[in-house]
Amino acid sequence: MLAANTKTLPPVIFLMGPTASGKTDLAVALTEKLPCDIISVDSALVYRGMDIGSAKPDAATLQRAPHRLISFLDPSEPYSAAQFRCDALREIEYILHSGRIPLLAGGTMLYFKVLLEGIADLPAADPALRAQLTTEAAQYGWPALHQKLAEVDPVSAAQLHPNHSQRILRALEVHALTGIALSTLQQQQQPASLPFRPIQLALMPDDREALHRRIEQRFDRMLREGFMDEVRRLYARGDLHPDLPAIRAVGYRQAWDYLAGNLSEAEMRAAGIAATRQLAKRQLTWLRNWPQLHTIPMQEPFDLEKVTLATLKILSANGI
RNA sequence: GGCCAGAUAGCUCAGUCGGUAGAGCAAGGGAUUGAAAAUCCCUGUGUCCACAGUUCGAUUCUGUGUCUGGCCA
């Protein structure tokens, strides 16, 4: 917020936008115009062996424009916003040290938020405890656990709908692990002081229907390029299951259901495309009320050169 | 050509013993702190195929037509 500070801190570019909006193409184009290195901000790209369905840049593109924080985790492993914050800060520092500009590009808005605002000091997930609470919920229903939460953490409970399974679970987990209410720990959170100056950009499609068409075409392209073979390889391992964050990813979840015989091929395609549209909608909801955002309109047909020039203009107005 | 079954929300269908209708999915809006490509909340007016008849009143009953599917020729 301090003007003097703003001048001295090194700039870092944030490039956000819904899925299938052309973020990757734009990020790669920017690396050819500016001395910047890409850090991926995407909860699905972190996984190894999940390339086609996650729309990961192909090998040739990665050769040209390396991405950090992709393909470093096995799909059996969980990842988290807190872990991302830690990893991203490390990568940003590394790139700044080498005298270049970090370019954070991706569609996981919570990760961007946590990077900007920091995160409360909370215990990590406890799989055994989660399993136990999930069993309890299956028996008594989430409203019953919400009831229980109200007794130990009325502030959190008041903010949560009785059906909000995931967040009721987390609040109960934190309390069980620390003996302190989640809401109390969150109130103790210190505001993050960033060692850099974020320039926040968002690629915003001006036509939802056009974005829907791009999503459909991209899904069909993924199928042609061997998406099902990729999922079959994961399926054949035998140790992965649909409750894992990796396998819950858009497209993979539906492909899994198809391989398990729960969906026909046509149903899988329709459900996969719909899930992608819904993801884009949620990403746009984040972006619509995002503070300090420079929006880059994305018109159909997508003109990469034009969009790149518009982006460079915004960046230069912000000291790059 | 004959017989039978359908025709209701973008899709699949339910329903109205005659008082103009509702689920799932899709879609739209919102929330979002160690699963976030996750999870959760809110939003349902549509010539109830068309025309005629019966009726105070028809999407509902009757008749005719049209279209779709099945069976028989």
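Naming convention: chains lettered A, B, ... in sequence-line order (proteins, then strands); numbering from 1 in each chain. Predicted model only: the values in this text are computed from it and were never measured.
Distance noted for atom C1' between rG63(B) and rG24(B): 36 Å (whole Å). The separation of rG65(B) from rA27(B), taken at their P atoms, amounts to 42 Å, rounded to a whole angstrom. Comparing the P positions of rC4(B) and rU64(B) gives an interatomic distance of 11 Å, to the nearest angstrom. The separation of rG15(B) from rA7(B), taken at their P atoms, amounts to 10 Å, rounded to a whole angstrom. Rounded to a whole angstrom, the distance from the P atom of rU47(B) to that of rG22(B) is 15 Å. Nucleotides rC48(B) and rC41(B), compared at atom C1', are 31 Å apart to the nearest Å. rU60(B) and rA21(B) are spaced 11 Å apart, taking the C1' atom of each and rounding to whole Å. One P atom belongs to rU62(B), the other to rG29(B), and the distance between them is 45 Å to the nearest Å.
Here R248(A) reaches the OP1 or OP2 of rU39(B): one of its side-chain N or O atoms lies under 4.0 Å away. Within the 4.0 Å cut-off from OP1 or OP2 of rA27(B), at least one side-chain nitrogen or oxygen of R277(A) is found. A sub-4.0 Å separation between OP1 or OP2 of rA38(B) and a side-chain N or O of R282(A) is present. Considering only side-chain N and O atoms, N163(A) lies nowhere under 4.0 angstrom from the phosphate OP1 or OP2 of rU39(B). In this structure, R288(A) reaches the rG29(B) phosphate: one of its side-chain N or O atoms is under 4.0 Å from OP1 or OP2. Neither OP1 nor OP2 of rG34(B) sits under 4.0 Å from any side-chain N or O of Y79(A). Within the structure, a side-chain polar atom (N or O) of R208(A) is placed less than 4.0 Å from OP1 or OP2 of rG29(B). The shortest distance between the side-chain N/O atoms of S80(A) and the OP1/OP2 oxygens of rA35(B) is not below 4.0 Å. For R253(A) and rU39(B), the shortest distance from a side-chain N or O to OP1 or OP2 is below 4.0 Å. In this model, the phosphate group of rG10(B) is not approached by any side-chain N or O of H212(A) to a distance below 4.0 Å at OP1 or OP2. Taking 4.0 angstrom as the limit, Q278(A) places a side-chain polar atom (N or O) nearer than this to OP1 or OP2 of rA27(B). Regarding contacts with the backbone of rA37(B), a side-chain N or O of T108(A) is found under 4.0 angstrom from either OP1 or OP2. Under 4.0 angstrom from either OP1 or OP2 of rG30(B) there lies at least one side-chain N or O belonging to T285(A).
Across all strands, L182(A) comes closer than 4.0 Å to no nucleic acid atom at all (heavy-atom distances). Counting any heavy atom pair closer than 4.0 Å across all strands shown, A120(A) reaches a base atom. Residue S43(A) is in base contact, counting any heavy-atom pair closer than 4.0 Å across all strands shown. Y252(A) comes within 4.0 angstrom of nothing in the nucleic acid, heavy atoms only. Among the atoms of the strands shown, none is found under 4.0 Å from any heavy atom of G251(A). Contact annotation for R170(A): base contact, defined as any heavy-atom pair under 4.0 Å involving a base atom. Within the 4.0 angstrom heavy-atom criterion, only backbone atoms of the sugar-phosphate kind lie near A274(A); the bases stay farther away. At a threshold of 4.0 angstrom between heavy atoms, the contacts of S54(A) include nucleobase atoms, whether or not backbone atoms are also involved.
In this structure, K281(A) atom NZ and rG28(B) atom C1' are separated by 6 Å, rounded to whole Å. When rounded to the nearest whole Å, the span between CZ of F112(A) and C1' of rA37(B) equals 14 Å. Atom CD of Q166(A) and atom P of rA36(B) are 8 Å apart (whole Å). One atom, CG of N289(A), and another, C1' of rU32(B), lie 12 Å apart when rounded to the nearest Å. One can place CG of L287(A) at 12 Å from P of rG30(B), the figure rounded to the nearest angstrom. At whole-Å resolution of the value, CG in L169(A) and P in rG34(B) are 11 Å apart. Here rA35(B) presents its P atom at 17 Å from CG of D42(A), a figure rounded to the nearest Å. Between the NE2 atom of H161(A) and the C1' atom of rG30(B) there is a distance of 13 Å, given to the nearest Å.
Ranked by how close their nearest RNA chain B nucleotide is to the 5' end, Q283(A) and A82(A) are led by A82(A).
Using a 4.0 Å cut-off between charged side-chain N and carboxylate O, K148(A) and E136(A) make a salt bridge. Note on D74(A) versus R237(A): salt bridge recorded, some NZ/NE/NH1/NH2 to OD/OE distance being below 4.0 Å. The existence of a salt bridge linking R277(A) and E209(A) is excluded, since no basic side-chain nitrogen approaches an acidic carboxylate oxygen closer than 4.0 Å.
Taking only distance into account, the side chain of E117(A) never meets the base of rU33(B) through a donor-acceptor pair shorter than 3.5 Å.
Between E265(A) and M268(A) there is a side-chain heavy-atom pair separated by less than 4.5 Å. No side-chain heavy atom of L244(A) sits less than 4.5 Å from a side-chain heavy atom of P78(A). The shortest distance between side-chain heavy atoms of I38(A) and P66(A) does not fall below 4.5 Å. Between Y235(A) and Y258(A) the shortest side-chain heavy-atom distance does not fall below 4.5 Å.
Once rounded to the nearest 0.5 Å, the distance linking CG of L73(A) with CD of E77(A) reads 5.0 Å. The line from CZ of R218(A) to CE of M222(A) is 4.0 Å long, rounded to the nearest 0.5 Å.
Remark: of the listed residues V12(A), V41(A), L104(A), I39(A), L104(A) is the sole one forming a side chain to side chain contact (heavy atoms under 4.5 Å, CB included) with L115(A).
Base pairing of rC25(B) is made with rG10(B), judged by Watson-Crick or G-U wobble geometry with both donor-acceptor distances under 3.5 Å. Base pairing of rU54(B): no nucleotide in any strand meets the Watson-Crick or G-U wobble criterion (both distances under 3.5 Å). A 3.5 Å limit on both hydrogen-bonding distances identifies rA5(B) as the Watson-Crick or G-U partner of rU68(B). Across all strands shown, rG34(B) forms no Watson-Crick or G-U wobble pair with both key distances under 3.5 Å. Using the Watson-Crick or G-U wobble rule with both distances under 3.5 Å, rC48(B) pairs with nothing in any strand shown. Checking rC17(B) for Watson-Crick or G-U wobble geometry (two distances, each under 3.5 Å) identifies no partner in any strand.
Relative to the side chain of P245(A), the nucleotides rG34(B), rU33(B), rA36(B) differ in distance, and rA36(B) lies closest.
Base orientation at rG15(B) is anti, since its O4'-C1' glycosidic dihedral falls outside 90° of 0.
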